[in-house]
Protein chains: 2
Amino acid sequence: MTGERRKFRREGEEARREALIAASLSLASKGGAEALTVRAIAEQAGVTQGLIRHYFHSKEDLTRAAYAALMDRMIRTSDALLAEAPAEPAARLASFVSASLRPPVMDTEELVLWAAFLHRLRADPEMRTVHETRYLAFRDRLQALIAAALPPGTPQHTLRARAIACNAVIDGLWLEGSALPEAFGPNEILTIGLTSVGAIVGLDLIPYLPEAAA
Amino acid sequence: MTGERRKFRREGEEARREALIAASLSLASKGGAEALTVRAIAEQAGVTQGLIRHYFHSKEDLTRAAYAALMDRMIRTSDALLAEAPAEPAARLASFVSASLRPPVMDTEELVLWAAFLHRLRADPEMRTVHETRYLAFRDRLQALIAAALPPGTPQHTLRARAIACNAVIDGLWLEGSALPEAFGPNEILTIGLTSVGAIVGLDLIPYLPEAAA
DNA sequence: ATTGCAATTATGCAAGCGTATAATACGGAA
DNA sequence: TTCCGTATTATACGCTTGCATAATTGCAAT
């Protein structure tokens, strides 16, 4: 007669933390920051809300962990791509650029997800650190790719400047392509990305444009 | 003895709407989207919260109006700059780029402000339209500047592609410079912006680098 | 089987949110 | 000076939020 108490299984701490983080990212990618309520997260993870405070100090703590996990996932995805990329330097650079300007990276949900955490960077030093780490990780990879594609002996400050610039084009195109997908033709962003990264570093990357899908 | 009812003056509808919009933008630039509560907005505007619903259909309606006002302000600021810019095409292009990569445009508060509205673009078609309008307005100005600086007869699709690319570099540098100001040297972003926009359109813009402040 | 611990659920609470509505007082019209 | 429309304030309601605490139950050790 009395309230039927919900059955449950005991999972390890690690599994529960991962599930809660995954639930947070899933919700944030669809509904932005406002979708991140303890009740919604718990439901998505298949638990009740009390568990959140059992495994995380606060909801903000979970949010930070989710952001760190997201940044980590992005870096690992990128590294996995590079592991399978061609060996030729210019081709490697082109694959890196292309991958950033195509789904699933260039995608409205990905933009929403990123934006969900963006505003917290201002006041939260820990999240700023995570953000900076990821930004530098990407830029360093880009700089290594650029260095490999240019004549040896190119000065370090030139490499740094070009990496910052290329990273900026990619970020800008990603942002605009994700926010206004219908404003651009198929492959337009991709073509422009390769062209302008090529112009900045002084290479022709257009031969490496992947064959299109329509 | 009874509650001292607050004194007030009757302002026109226009003044009150503007005050509420200004209050919204001021709060959002410091505290992001979560700072936008009807009570905080009303206090900042020097009124009580009931007035918001008197002049706006809902808080969401006020938010939309504030976003539109922000976009409008950005465009008018840019146009005012161009009105005072030098006549020579390359110099004009360089001033446009420089202005975007310096305070008060490149600024953490400006980024927070922008991010406060970003997540609403997903589900709100009206705000998407406003966003698209501003994006295209900027890009069109950039494209006109590029066209003026290049030989006449440059094909339209080339101009479009270069405008999209330049806009992306500027956006990307603005984003990164606003989010991580301490990660770059003084004028580094500015120099990189002029260099890479120059590389994309095929001009040398470095001579137009404004003299620095340290 | 029994026990004991902690993982998990259930419940409640105070605060803040947006919104609705009623009461008030400003200021132009007469 | 009075009066009236409405701009403005005051108050309250219902809902959701994050968090705290108490009650339960799965499960490993014995």
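Here the structure is a predicted model, which means the values were calculated and not measured. The sequence lines fix the lettering, A, B, ..., with proteins before strands; numbering per chain opens at 1.
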Between [N] atom [atom2] and [X] atom [atom1], what is the distance in whole Å?
X       : N      : atom1 : atom2 : answer
A:Phe56 : C:dT8  : CZ    : P     : 12 Å
A:Leu51 : C:dT8  : CG    : C1'   : 5 Å
A:Ile52 : D:dG18 : CD1   : P     : 8 Å
A:Ile41 : C:dT9  : CD1   : P     : 15 Å
A:Leu20 : C:dA7  : CG    : P     : 14 Å
B:Arg17 : D:dA7  : CZ    : P     : 13 Å
B:Glu11 : D:dT8  : CD    : P     : 7 Å

* Asked: Are there more than 12 heavy atoms of other residues, nucleotides or ligands under 6.0 Å from atom CD of A:Glu182?
  -> yes
Does [X] pair with [Y] as a salt bridge, N-O distance under 4.0 Å?
X        : Y        : answer
B:Arg160 : A:Glu188 : yes
B:Arg128 : B:Glu132 : no
B:Arg39  : B:Glu43  : no

* Asked: Quick one: does A:Arg53's side chain have a donor or acceptor within less than 3.5 Å of a partner on A:His57's backbone?
  -> yes
* To do: Output yes when a side-chain donor or acceptor of A:Arg122 lies under 3.5 Å from a complementary backbone atom of B:Lys30, and no otherwise.
  => yes
* Structure fact -> The contact string for nucleotides 19-30 of chain C, one letter per nucleotide 5' to 3', using protein heavy atoms under 4.0 Å with B, S and - for base, sugar-phosphate only and none, comes out as BS--BSBBS---
At under 4.0 Å, does any side-chain N or O of [X] touch on OP1 or OP2 of [N]?
X       : N      : value
B:Thr37 : C:dC17 : yes
A:His54 : C:dT8  : no
B:Tyr55 : D:dT8  : yes

* Just call it for B:Leu62: base, sugar-phosphate, or nothing, with non-hydrogen atoms closer than 4.0 Å on any strand. => nothing
* Asked: Can you find a heavy atom in the side chain of B:Met71 that is under 4.5 Å from one in the side chain of B:Thr133?
  -> no
